[in-house]
Amino acid sequence: MRIVVLGGGVVGVTTAYQLQRDGHDVALIERNAQVAAETSWGNAGMIAPGHSFVWSSPKAPITLLKSLVLKDQALRFKFSADPRLYTWSWLFLMECTAAKARRNTLLKHRLAAYSQAVLREVVADEQIDYDRNDRGIVYFHRSQQALDNGVEHMKLLQSDGQEIEVLDRDAIVALDPSLASAKDKIAGGIYCPTDETGDPAKFTKALAAKIIARGGAIHTGTKITGIETTGDAVAQVLTDKEPFKGDAYVLALGSHSPVLARKIGIRLPIYPIKGYSLTIPIGNRPLPPTIASVDEHNLVAISRFGDRIRVTATAEFAGYDTSHKPADFAFMKGVAEDLYPEGADYHRAEMWAGLRPMTPNNLPAFGRQRLRNLFLNTGHGHIGWTMSHGSARITADLIADRAPAIPMDGLLNRL
C-alpha cells in the first residue's frame, strides 16, 4: 500500500520505518525544516521501562494543588483560558485511583519493555550511532525512608519482569564515580541495569535518512492544513504545498494530533504538558556523568549524550505555550551542579521547552478511529522515546491486520 504518515517526530519516523520494512510505499509529512525538531529534540533521552509509572497516580491531585502555591513542584498547574485544559484535567483526575494507576502502569510497562526489544532489533540491523549508553539508569533517593518506599513501589514493575538492584550510596558511587562529591546527599537507589539512554533526535534523523535511501519520501517544511474525507475514509491530506493521497494514513502528530483530528469530528483526549530541558556541553570537565540518573526527590533526570549532558524536569499544565525564561531552569541546573559539580560547562547550557502529548491514563492511542483507513499512533506522553519503537511495530501490524507481538487488551481503543 501507499501509506501517508502525519508527523516527523520519533513516533512518526519509526512508524514510517516499520511500514517500509513491511514493503509499503511511505510518505511522511513534517511541518518543520527537519524531523525530530520538537518534542523528540529536547527530551531526557531515556529508554526506561523502569520509569513506566503513570503520572495519574493518587499523589498527583495534591501535587497539582500544591503547585498553585509552591513553585518547585514536579507537576505544575497553570490556569488558562483554554476550556480543554479543564476537561482534560478532570479526565486525568479520574485516572488517579490506586487501582487505575496500577493497571495503567502495568500496561505502560508491557509496551515499554516490548518497545525496547524492537529498538534493539533496529539498532542491530541498521548500526545507527545515537550516543547510546546501555549501562542502565539509577533512580536514587535522598533519605532511607524514601528509598524504602521507592523499593516497595518498584515491586510492581519487578513483578512484571523489570530487573532491579537496590544499591547503597557506596555502590552508586562505584557505579558512577562522578557522584562521589554528592555521596553524603544520597541514601541509596534503585538500579535498572537493562534501561538505557541515547539521543532521540540523532536517532530519528539517522533513521529518516535510511527511509529516504530506500525510496521513501519525507516532506519537511510542509504544513498540514486539513484532512478531506469521503464516506468512512480519508480521501487525502491537504497541505500548504500539495495534497497527499494514500491507501492508509497514520496520525502521529503528538500534541498537535487532537487539533487536526477535531477538523474531521474525532475527539482525542490528548493535551500538551510542558517540559523543560538543558543541553550542556561537557567541555574539559573531568567528572561528567557516566550513566543516566534520576534524582527522585527533585524529579530531575540527567543523561549523558557523548560530549553533552541533558537535564530535564517539570511537567507543567500550560497548554500550547513553549515560552521559557532563565528562571525556569534555575532549579534543575542547581540540582545538576550539586550532583556533578565537575560534570559540564553549566554556563554554556542551552535552554529548551517542549510539549509532551499526554492522555489522561498516560497510554498512547492506537488503531482505527471512526475512519477505516486512518490509524492512530499518538499520545505517548513523557516516555515517547521509550515507547515509540514498539508502537511503530504495533501500528504496522494493525495496518497489515496482523496480531501484534504483545497482548493488546487494555492498549487498544481506550480513548
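None of the values given here were measured: they were computed from a predicted structure.
Shown here for Pro269 and Trp88, the closest heavy-atom pair between the two residues is O-NE1, 3.2 Å. Taking each heavy atom of Ala252 and Val11 in turn, the nearest pair found is CB-CG1, 4.1 Å. What you find for Leu260 and Gly226 is that their closest heavy atoms are CD1-CA, 4.0 Å. In terms of heavy atoms, Ala344 sits closest to Ile309 at CB-CD1, 3.8 Å. Summarising the geometry of Ala301 relative to Met46, their closest heavy-atom pair is CB-CE, 3.7 Å, with the distance given to 0.1 Å. The two atoms that bring Ile218 and Ala208 nearest to each other are CD1-CB, 3.5 Å, heavy atoms only.
Atoms OG and CD1, from Ser255 and Ile273 in turn, are 8.5 Å apart once rounded to the nearest 0.5 Å. Here the CG-CG distance, from Leu376 to Leu371, works out to 9.5 Å after rounding to the nearest 0.5 Å. In this structure, the separation between CG on Leu107 and CG on Leu363 is 5.5 Å, given to the nearest 0.5 Å. Distance check: Ser52 OG to Asp160 CG gives 8.5 Å after rounding to the nearest 0.5 Å. Summarising the geometry, atom NE2 belonging to His347 is positioned 11.0 Å from atom CD1 belonging to Ile280; distances are rounded to the nearest 0.5 Å. Taking CZ of Phe375 as the start and OH of Tyr249 as the end, the distance is 12.5 Å to the nearest 0.5 Å.
Side-chain rings of Tyr271 and Phe92 stay apart, their centers remaining 6.0 Å or farther from each other. Between His153 and Phe53, the gap from one ring centroid to the other is short of 6.0 Å.
Judged by distance alone, with hydrogens and angles left aside, the side-chain atoms of Arg372 form no donor-acceptor pair with the main-chain N or O of Ala233 at under 3.5 Å. With hydrogens and angles ignored, the 3.5 Å screen pairs a side-chain donor or acceptor of Glu30 with a backbone N or O of Gly8. A donor-acceptor pair under 3.5 Å links the side-chain atoms of Gln20 to the main chain of Ile211, judged by distance alone. In this structure, Trp41 contributes its side chain and Ala201 its backbone to no donor-acceptor pair below 3.5 Å. Checking side-chain atoms of Ser40 against main-chain N and O of Pro200 turns up no donor-acceptor pair under 3.5 Å. Using modelled atom types, no side-chain atom of Tyr130 and backbone atom of Val123 make a donor-acceptor pair closer than 3.5 Å. At distances below 3.5 Å, not a single donor-acceptor pair connects side-chain atoms of Ser293 with backbone N or O atoms of Val138. In this structure, Lys108 contributes its side chain and Asn361 its backbone to no donor-acceptor pair below 3.5 Å. The backbone N or O of His389 sits less than 3.5 Å from a side-chain atom of Ser115, completing a donor-acceptor pair. The main-chain N or O of Gly42 is found under 3.5 Å from a side-chain atom of Ser277 such that the two form a donor-acceptor pair.
Test Ile399, Leu28, Asp247 against Ile3 for side-chain contact (heavy atoms from CB on, under 4.5 Å) and you get one pass: Ile399. Partner Leu6 forms a side-chain contact (heavy atoms from CB on, under 4.5 Å) with one of Thr239, Val250, Leu251 and no other, that one being Leu251.
In this structure, the side chains of Gln18 and Thr395 stay at 4.5 Å or more apart for every pair of heavy atoms. Residues Pro177 and Leu287 are not in side-chain contact: their nearest non-hydrogen atoms beyond the backbone lie 4.5 Å or more apart. With contacts defined as side-chain heavy-atom distances shorter than 4.5 Å, the pair Gln162/Asp195 qualifies. Between Tyr340 and Pro288, the closest side-chain pair of non-hydrogen atoms is not below 4.5 Å. Looking at Arg84 and Pro258, their side chains never come closer than 4.5 Å, going by heavy atoms from C-beta outward. With a 4.5 Å cut-off on side-chain heavy atoms, Leu207 and Val122 count as touching. Residues Asp321 and Lys274 meet the side-chain proximity criterion, which asks for heavy atoms closer than 4.5 Å. The closest side-chain heavy-atom distance from Tyr17 to Glu126 is below 4.5 Å.
When the shell of 6.0 Å around CZ of Arg102 is examined, it contains 12 or fewer heavy atoms from other residues, nucleotides or ligands.
Look at Lys183 and Asp170 and you find a salt bridge, because one of the NZ, NE, NH1 or NH2 atoms lies within 4.0 Å of a carboxylate O, short of that distance. Using a cutoff of 4.0 Å between basic side-chain nitrogens and carboxylate oxygens, Asp22 and Arg393 are scored as salt-bridged.
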Evaluate Glu121 against Arg21 for salt bridge (Lys or Arg N to Asp or Glu O under 4.0 Å), listing each step before the verdict.
CA-CA 13 Å; Glu121 292 174 2; Arg21 287 191 68 169; 5.7 Å; no
Worked check of side-chain contact (heavy atoms from CB on, under 4.5 Å) between Ile394 and Leu111:
CA-CA 10 Å; Ile394 287 168; Leu111 174 58; 3.7 Å; yes
Between Lys185 and Leu339, does a side-chain contact (heavy atoms from CB on, under 4.5 Å) hold up when you go through it step by step?
CA-CA 9 Å; Lys185 299 167 187 174; Leu339 293 170; 5.8 Å; no
Passes side-chain contact (heavy atoms from CB on, under 4.5 Å), His219 versus Phe244? Steps please.
CA-CA 10 Å; His219 301 270; Phe244 288 81; 3.4 Å; yes
Quick one, Ile264 with Leu374, criterion side-chain contact (heavy atoms from CB on, under 4.5 Å). Give me CA distance, side-chain angles, the key distance, then yes/no.
CA-CA 11 Å; Ile264 52 173; Leu374 177 65; 3.9 Å; yes
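A side-chain donor from one of Asp148 and Gln144 sits under 3.5 Å from a side-chain acceptor of the other. Looking at Tyr114 and Arg110, their side chains never bring a donor and an acceptor atom within 3.5 Å of each other. Judged purely by distance below 3.5 Å, without hydrogens or angles, the side chains of Thr290 and Asp176 pair a donor atom with an acceptor atom.
Applying the side-chain hydrogen bond (donor to acceptor under 3.5 Å, both in side chains) test to pairs two or more places apart or on separate chains, those with a residue in residues 303-312 are Asp131-Arg308, Asp199-Arg308, Thr279-Arg310.
Note on ring orientation: taking the six-membered ring where Trp is involved, the planes of His256 and Tyr320 are tilted (angle from 30° to 60°). The aromatic rings of His51 and Tyr139 sit parallel, their planes meeting at an angle under 30°, below the 60° perpendicular limit.
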